[in-house]
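See structure below.
As a basis for the values below, the full set of heavy atoms in this structure was taken, side chains included, without hydrogen atoms, waters or symmetry mates. Proteins come first, then strands; the chains are lettered A, B, ... in the order of their sequence lines, and each starts at number 1. All figures in this text were calculated on a predicted structure; none of them were measured in a lab.
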Amino acid sequence: MAESPSSGGVFSSCSLYFVRRGDLGLSRINTMSQRVKDKGGQVIQDITSTFIDEEGREKKELNPAITHIVVAKTLSRQGFLRFLHDSSLTEESISTGRAKVVRDEWMTKSSQTGKRQNDEAYLYQFTESAPSAPSSASRSAAASGGSDSHTTPPPPLPQQQQQQQPHPVVKQEPEDELAMEPHVGEGFGLGEDGEELMIEGGEDGTVDYTKPSLERNKWMAEHFTELSKGYKASSDQWRHYTYSRAAKFIAGLDKPILSADDIAGQQGIGPRVREKVQELLDTGKLQRLNNFKKDERLQALRSFCQIWGVGPSMAGRLWARGFRTLDDIKKHPEALDTDRQRRCLKYVDDFALKMTRAEVESIYQRVCEKAAELLPGELHLELCGSHRRGETHLGDIDILVTRTDDREVGTEVQRILDSLSGEGFIVDTLSMSEPDKGKAVQGGIPHPEDPGHPSVTFLGVCWPDRSGPKRRIDIKMWHRSEFPFALVHFTGAVGSGHFNRVIRQHAIHMGLHLSEHKLCKAMRDSKRKADHRPGNRRAAQDKIWQGQVIPCESEEEIFAALGIECRPPERRVPDQALMLECSKENALKKMHWFWPDAMVLDRSGSPLVKRQKIEHKAEEHAAIKDETLTQTQHQGEDQNHHHQHQREERLAVPAKVLELLDRQKRMCDSHRGVGVGPRIVKQPPAAEKKAEKKEARVKTEGEGEGEVRVKMEDD
DNA sequence: GGCTGGCAAACA
DNA sequence: TGTTTG
DNA sequence: ACAGCC
């Protein structure tokens, strides 16, 4: 079997079953199944098979054909047990069966590397174990020896083997092979520099958690940030997101929280967050967070994620292979996948150091000078990111460049970089985009009259001061017409991009599409979980047919178009006011700004209140129109008042938006004399897919739920 | 109870 | 393609 | 072990 990979495919003689729970959804299972089959494996549909016992009764057992049961690594033990129960299997039948229960990474990694990964390194721990116990190591040790010769690097398994349970640290002094500047001793696991201290003690006086204060709010927010980071490292993106959002929300409150009820009922704040606020008020700490701190594995994952280019997935694999600390990895850099990661391993300590605003500004200055020297008067540079948001401890430098004229972006950034590299200022490139690729795929099928402009993105490392640390620097160049969108995008990316997510969702609700390049009308082919069986076809993608762009010359105009307050950079956070402004109802009231002929109705013509996906498809226009007519006709007076209702709810079109629409019209006219209204570039590919979809929709409508649709009446 | 959750682009 | 980043 | 929506 060690030799088989080349002959029969990676998965030859494997029969996999995918557990559709947790993060392993249908669409992912479909794609994975396809790959397994392509590479010589089999996918089994039923986890059980029935047999007839002596008394002639039907019984179920674990399907003996299965060699591997693939489980989402984030699926909880309980979730897995529930799955077993639902499949009328017992825990025991699994443990005694021949099928190996492996995490989904086993499959993706095997497929990626073209080498079947060692099962034992990817075992899914569903048997009894403390949530944190890294008990797998011992088992894999025994098993790995023989079969394992072809898994990626030789078994690096440092001395940790034996350490597993008794974790009392054993911080054996690293022999510092990679001569690091000893800037920070850095206990990882703790947040980035010192936040932990602030939580526990408070640097300037401890926070009195029994007394309401804004300080106490911040203190609570930090707890949520810690939770969020923990979940991030364990690849639980949604809890990461939720807690991170909660942290931002609480930190942004302008009134002290008096009781847990103060935050209840806010958009995005649910029972779990409320409970935890309560717990903080009652006990001054969070049990969950304490568990996190004790969780050796989690702390290791967090430290691994400090390497730029290593995320939760890679971190999990490193842990599975026996690495426990960053030092372990420094001793075995070959454990990392790419050269870039190995380079970034050396930057870990430097990148953990924050900069002052002045430092950032002087770096910005240096780039500005170079720009002025090479291309005098041609470029405009702006500091974005956390600096623009007014923060004081900065992790990186984020510079946005545009031409002062309307010419397309070319090699300007490259020239600046070349020169600065020659001076030893830029010392590494982590990622560099090809200037001409910029306009290729931006956010779906582009509008035929306005496919967008090329842009350039550089992510790299600079070394402003030979005696100081190296710094992360991003330089991006956009076409002038798209510059404001880039500004919004690269300023709003707080934390996990909460602000961007909220306003983009809002745009979607208005039937628009907001990206870092443009704002445009959009037709979305909504992403549905396909009801295909695994292996057949892929789930429908969330395709966007881009409609007309809505040109905005400033951030102000972008916010105006979305009908929300133009916030100064430092207020680009998802606070209560924003969530309110961006509620679905509001979006729907504003929709007619850009879809003047659209009526938003459910099937019976009643005014919509809920429903998120705005779905429409070009080629259904005709059909919809007919439907609309017949409906509105024979609905008669009965429905009339509904329409009035809806009209009443509409928000008046602001002057600014009229201006934008006017500008849009002028641009269109001058461009090509194109009429207003969405132009469809491409028809959705498979005819049958559409048929299916139509059917599905009719069905839901028939069931009375009623999709909201935007119905267009032709211009 | 099940599904979705902002987006795009580079890299291997 | 999945993973990671901004 | 999250929140909001059908």
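For A:His453 and B:dA8, the NE2 to C1' distance is 17 Å, given to the nearest whole Å. Taking atom CG of residue A:Leu519 and atom C1' of nucleotide B:dG6, one finds them 14 Å apart after rounding to whole Å. Atom-to-atom, CG of A:Asp474 to C1' of C:dT4 comes out at 13 Å; the value is rounded to the nearest Å. Spacing between atom CD of A:Gln341 and atom P of B:dC11 amounts to 13 Å, rounded to whole angstrom units. In this structure, A:Met314 places its CE atom 12 Å from P of C:dT5, rounding to the nearest Å. Taking atom CG of A:Leu286 as the reference point, atom C1' of D:dA1 lies 14 Å away to the nearest angstrom. Straight-line distance from the CD1 atom of A:Ile250 to the C1' atom of D:dA3: 15 Å, rounded to whole Å. Look at CZ on A:Arg274: it is 13 Å from P on D:dC2, rounded to the nearest Å.
Closest to the side chain of A:Pro312, out of D:dC2, D:dA3, C:dT4, is C:dT4. Across D:dG4, D:dA3, B:dG6, the shortest atom-to-atom separation from the side chain of A:Tyr241 is found for B:dG6. Side chain of A:Ser431, nearest nucleotide from C:dG6, B:dG6, B:dA10: B:dA10. Closest approach to the A:Ser433 side chain among B:dG6, B:dA10, C:dT4 is made by B:dA10 (side chain taken as heavy atoms from C-beta onward). Checking C:dT5, B:dC7, D:dA3 against the side-chain heavy atoms of A:Arg504 singles out B:dC7 as nearest. Considering only side-chain atoms of A:Arg245, the nucleotide from D:dG4, D:dA3, C:dT4 that sits closest is D:dA3.
Taking the 5.5 Å centre cut-off and the 30° plane limit, the aromatic side chain of A:Tyr231 is not classed as stacked on D:dA1.
A:Trp478 places no side-chain N or O within 3.5 Å of a backbone atom of A:Phe485 that could act as its donor or acceptor partner. Remark: side-chain polar atoms of A:Gln299 are paired, donor with acceptor, to backbone N or O of A:Phe292 under 3.5 angstrom.
Residue A:Arg472 is in sugar-phosphate contact alone, with no base atom involved, counting any heavy-atom pair closer than 4.0 Å across all strands shown. Using a 4.0 Å heavy-atom criterion, one finds that A:His240 contacts no nucleic acid atom at all. At a threshold of 4.0 angstrom between heavy atoms, the contacts of A:Val310 are confined to the sugar-phosphate backbone, with no base atom among them. Within the nucleic acid shown, A:Ile503 has no heavy atom closer than 4.0 Å to any nucleic acid atom. No contact: A:Asp396 has no heavy atom under 4.0 Å from any strand. Residue-level contact check: A:Glu275 touches neither bases nor backbone, having no heavy atom under 4.0 Å from any strand.
No side-chain donor from either of A:His517 and A:Ser515 sits under 3.5 Å from a side-chain acceptor of the other.
Proximity of A:His489 to A:Glu482: side-chain heavy atoms (C-beta onward) are nowhere separated by under 4.5 Å. You'll find the side chain of A:Arg389 reaches within 4.5 Å of the side chain of A:Thr491, heavy atoms only.
Taking the C1' atom of each, B:dG1 and C:dT5 are spaced 34 Å apart, rounded to whole Å. Taking the P atoms as reference points, B:dG6 lies 14 Å from D:dG4, given to the whole Å. A gap of 29 Å separates the C1' atoms of B:dG2 and C:dT4, to the nearest Å.
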Check step by step if side chain to side chain contact (heavy atoms under 4.5 Å, CB included) holds for A:Leu280 and A:Lys276.
CA-CA 6 Å; A:Leu280 280 171; A:Lys276 281 172 185 62; 5.7 Å; no
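An OP1 or OP2 oxygen of D:dA1 is reached within less than 4.0 angstrom by no side-chain nitrogen or oxygen of A:Arg272. Applying the 4.0 Å criterion to OP1 and OP2 of D:dC2, one finds that A:Arg239 has a side-chain N or O inside that range. A close approach under 4.0 Å does not occur between any side-chain nitrogen or oxygen of A:Tyr243 and OP1 or OP2 of D:dA3. OP1 and OP2 of D:dG4 both lie 4.0 Å or more from every side-chain N or O belonging to A:Trp238. OP1 or OP2 of B:dA8 lies within a sub-4.0 Å distance of a side-chain N or O belonging to A:His513.
Mapping A:Arg340 and A:Thr242 onto DNA chain B by nearest heavy atom places A:Thr242 at the nucleotide closer to the 5' end. Residue-to-nucleotide proximity on DNA chain D shows that, of A:Ile269 and A:Arg288, the 5′-proximal contact is made by A:Arg288. Where A:Gly497 and A:Asp339 meet DNA chain B, the nucleotide closest to each residue was compared, and A:Gly497 sits on the side nearer the 5' end.
Between A:Tyr231 and A:Tyr241, the distance separating the two ring centers is not shorter than 6.0 angstrom.
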